[in-house]
Amino acid sequence: MTTKTKKHHFDTRAIHAGQEPEPITGAVMTPIFATSTFKQKSPGKHTGFEYARTQNPTRLAFEKCIADLEGGTNAFAYSSGLAAGATVLELLKSGSHLVAVDDMYGGSWRLFEAVRKRSANLQVSYINPDLPETIDSKISDETKMIWIETPSNPLLKITDLTQIAKIAKTRNIITVVDNTFCSPYIQRPLENGIDVVIHSVTKYINGHSDMVGGIVVTKNPEIAEALEFLQNAVGSILDPFSCFLALRGVKTLPLRMHQHCSNAEKIAHWLDQHPKVEKVIYPGLNSHPQHKIATTQMNGFYGAMISVYLKTDMAGVRRALEKLSVFTLAESLGGVESLIGHPVTMSHGSIPKERRTNLNISDNLIRLSVGVESADDLLEDLNQSFEEI
């Protein structure tokens with residue numbers, strides 16, 4: 001899939017990029033093409049679509065849209081964010097060395113440590129984005145990829161993407177950024193020189209917590225060619241109905257992200273002064289160690305994820321979370337509804353306790369995905385729940 005050069009502002013492209021009215025009926029919205037195969041006029045002569053694993057018009061429209069919004073040329077949609085990440089790892093040969101941020105989504109860590117170390121002899125070294133000068137010591141002649149989450153999950157560490165891209169380019173290392181926490185509206189890593197961008201479409205791009213999907217974007221022709229082959233060869237594609245939902249969701253991405261971020265900033269500053277809160281981690285606070293980098297790299301926004309250490313133990317956290325009524329205690333993030341999670345028992349439960357302890361992912365840490373409800377209602381809900389601590 002290749003998209004045209006962008007011409008309009010982001011808000012316009014979110015609605016129109018990669019999409020034209022369906023030519024036969026004039027349908028304004030891209031239809032759900034629920035078909036497994038396509039008629040050929042003659043052997044080897046088809047319309048550009050031959051089998052739905054290889055190409056599907058609904059998926060193609062979604063891929064073109066996200067490629068455009070990320071500033072890429074090619075995008076490939078997968079059945080989940082982890083399926084997207086797993087396919088990106090297929091770019092590496094067996095035995096390759098990868099450098100990754102030490103704080104990351106538990107599912108990605110599980111993929112590296114419990115799957116690819118066994119199946120592909122993947123070697124992984126971890127770096128702390130708070131100490132960027134240490135990256136050189138982790139890179140060897142066998143290093144073929146650098147994998148970044150920024151902000152990271154769940155501690156919201158910020159990595160200087162331009163610095164990473166410069167280091168990698170001189171060594172011919174592929175750079176990968178999981179951009180899920182930001183969406184392309186806030187951050188576009190390809191503009192910083194990054195090679196590959198991954199999203200869990202489930203989150204902000206779709207934004208309504210009603211589908212699961214992933215997508216990979218690049219503007220590197222060689223990587224695009226390899227990913228196109230892998231998408232078809234491995235076959236972990238995003239189905240037409242999910243593509244339709246995500247394409248619908250992305251049309252309101254700019255509107256949603258403004259409200260998400262506005263609410264989150266207000267809540268983060270409120271939490272920072274609350275007597276039941278030990279520490280707030282949010283890139284928009286001056287106390288965040290990479291606040292200045294975030295201000296530039298995230299285009300003046302700071303996202304809608306907040307991590308909070310409460311002044312209590314596991315029992316107190318449990319009581320507080322059980323008392324919430326507007327926030328929903330649930331896995332995932334990025335929907336219009338506000339969610340709250342407990343990394344130790346939820347998103348990072350697959351990470352060994354010793355490693356969680358070393359990273360300071362403790363029992364009193366909670367993670368907020370701030371939605372688009374009234375900020376005042378969200379603050380009232382948090383305040384009344386903290387009374388249980």
Side-chain angles (χ1 to χ4, degrees), residues 1-8 10-81 83-84 87-88 183-184 197-208 210-219 221 223-253:
M1 185 290 311
T2 301
T3 188
K4 297 178 181 178
T5 303
K6 62 183 181 183
K7 295 180 179 180
H8 298 105
F10 189 101
D11 305 56
T12 303
R13 287 154 42 221
I15 295 170
H16 296 288
Q19 304 156 72
E20 297 289 342
E22 199 276 324
I24 296 176
T25 64
V28 174
M29 295 294 105
T30 302
I32 303 169
F33 284 85
T35 182
S36 61
T37 192
F38 302 85
K39 179 182 177 180
Q40 300 191 19
K41 295 180 180 180
S42 181
K45 293 184 179 180
H46 51 75
T47 61
F49 301 95
E50 48 189 323
Y51 186 64
R53 184 188 69 251
T54 310
Q55 315 101 347
N56 178 277
T58 315
R59 191 176 83 219
L60 181 63
F62 174 57
E63 290 171 335
K64 284 184 175 181
C65 182
I66 301 304
D68 186 286
L69 296 181
E70 274 288 2
T73 54
N74 301 80
F76 305 92
Y78 299 90
S79 56
S80 69
T87 305
V88 168
S183 89
V197 172
I198 298 175
H199 286 277
S200 172
V201 174
T202 315
K203 314 307 194 294
Y204 289 107
I205 287 177
N206 175 61
H208 293 79
D210 54 10
M211 57 78 68
V212 172
I215 199 161
V216 178
V217 187
T218 187
K219 58 182 179 181
I223 293 175
E225 183 179 1
L227 288 172
E228 183 177 17
F229 170 80
L230 288 167
Q231 185 189 45
N232 184 53
V234 178
S236 184
I237 56 168
L238 189 59
D239 67 276
F241 182 56
S242 294
C243 289
F244 173 84
L245 290 174
L247 198 54
R248 174 218 59 185
V250 77
K251 292 179 186 298
T252 60
L253 178 63

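Bear in mind that the values here come from a model prediction, so they are computed numbers and not experimental data.
Lys219 places no side-chain N or O within 3.5 Å of a backbone atom of Thr73 that could act as its donor or acceptor partner. Ser200 contributes no side-chain N or O that, together with a main-chain N or O of Ser80, makes up a donor-acceptor pair within less than 3.5 Å. Between the side chain of Gln40 and the backbone N or O of His46, no donor-acceptor pair lies under 3.5 Å. Under the 3.5 Å distance criterion, the side-chain polar atoms of Arg248 are left unmatched by any main-chain donor or acceptor of Met29. Within the 3.5 Å criterion, the main-chain N or O of Glu20 finds no donor-acceptor partner in the side chain of Thr30. When atom types are taken as modelled, the side chain of Gln55 and the backbone of Glu50 share a donor-acceptor pair closer than 3.5 angstrom.
The side-chain heavy atoms of Tyr78 and Ile198, taken from C-beta on, include no pair separated by under 4.5 Å. In this structure, Thr252 and His208 have side chains that are in contact, with non-hydrogen atoms separated by less than 4.5 Å. You'll find the side chain of Leu247 reaches within 4.5 Å of the side chain of Gln19, heavy atoms only. Using a 4.5 Å heavy-atom threshold, the side chains of Val216 and Thr87 count as separate. Contact of the His199 side chain with the Pro184 side chain is registered, since non-hydrogen atoms from C-beta on lie closer than 4.5 Å.
Interatomic distance, CD1 of Ile215 versus CD1 of Ile205, reported as 6.5 Å (0.5 Å rounding). Note: Tyr51 OH to Asn56 CG = 12.0 Å, rounded to the nearest 0.5 Å. In this structure, CZ on Arg53 lies 10.0 Å from CD on Gln231, to the nearest 0.5 angstrom. The distance from the CE atom of Met211 to the CG atom of Leu245 is 6.5 Å, given to the nearest 0.5 Å. Annotation: the span from Glu63 atom CD to Thr58 atom OG1 amounts to 10.5 Å, rounded to 0.5 Å. Between the CZ atom of Phe76 and the CD1 atom of Ile223 there is a distance of 10.5 Å, given to the nearest 0.5 Å.
Minimum heavy-atom separation, Pro240 to Ile32: CB-CG2, 3.9 Å. Contact record, Asn206 with Asp210: ND2-OD1, 2.9 Å, taken as the closest heavy-atom pair. Of all the heavy atoms in Pro21 and Gly26, the pair that sits closest is CB-O, 4.0 Å. What you find for Ala75 and Ala67 is that their closest heavy atoms are CB-CB, 3.8 Å. When all heavy atoms are compared, the tightest approach of Arg59 to Ala52 is NH1-O, 3.2 Å. Smallest separation of non-hydrogen atoms from Ala83 and Ser236: CB-OG, 3.2 Å.
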Does Phe49 form a side chain to side chain contact (heavy atoms under 4.5 Å, CB included) with Thr35? I'd like the steps, not just the answer.
CA-CA 11 Å; Phe49 301 95; Thr35 182; over 6 Å; no

Could you please spell out the steps behind the side chain to side chain contact (heavy atoms under 4.5 Å, CB included) verdict for Phe62 and Val201?
CA-CA 11 Å; Phe62 174 57; Val201 174; 3.7 Å; yes

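Within 6.0 Å of the CZ atom in Phe33, the count of heavy atoms belonging to other residues, nucleotides or ligands exceeds 12.
Between the side chains of Thr54 and Asn232, at least one donor N or O sits under 3.5 Å from an acceptor N or O.
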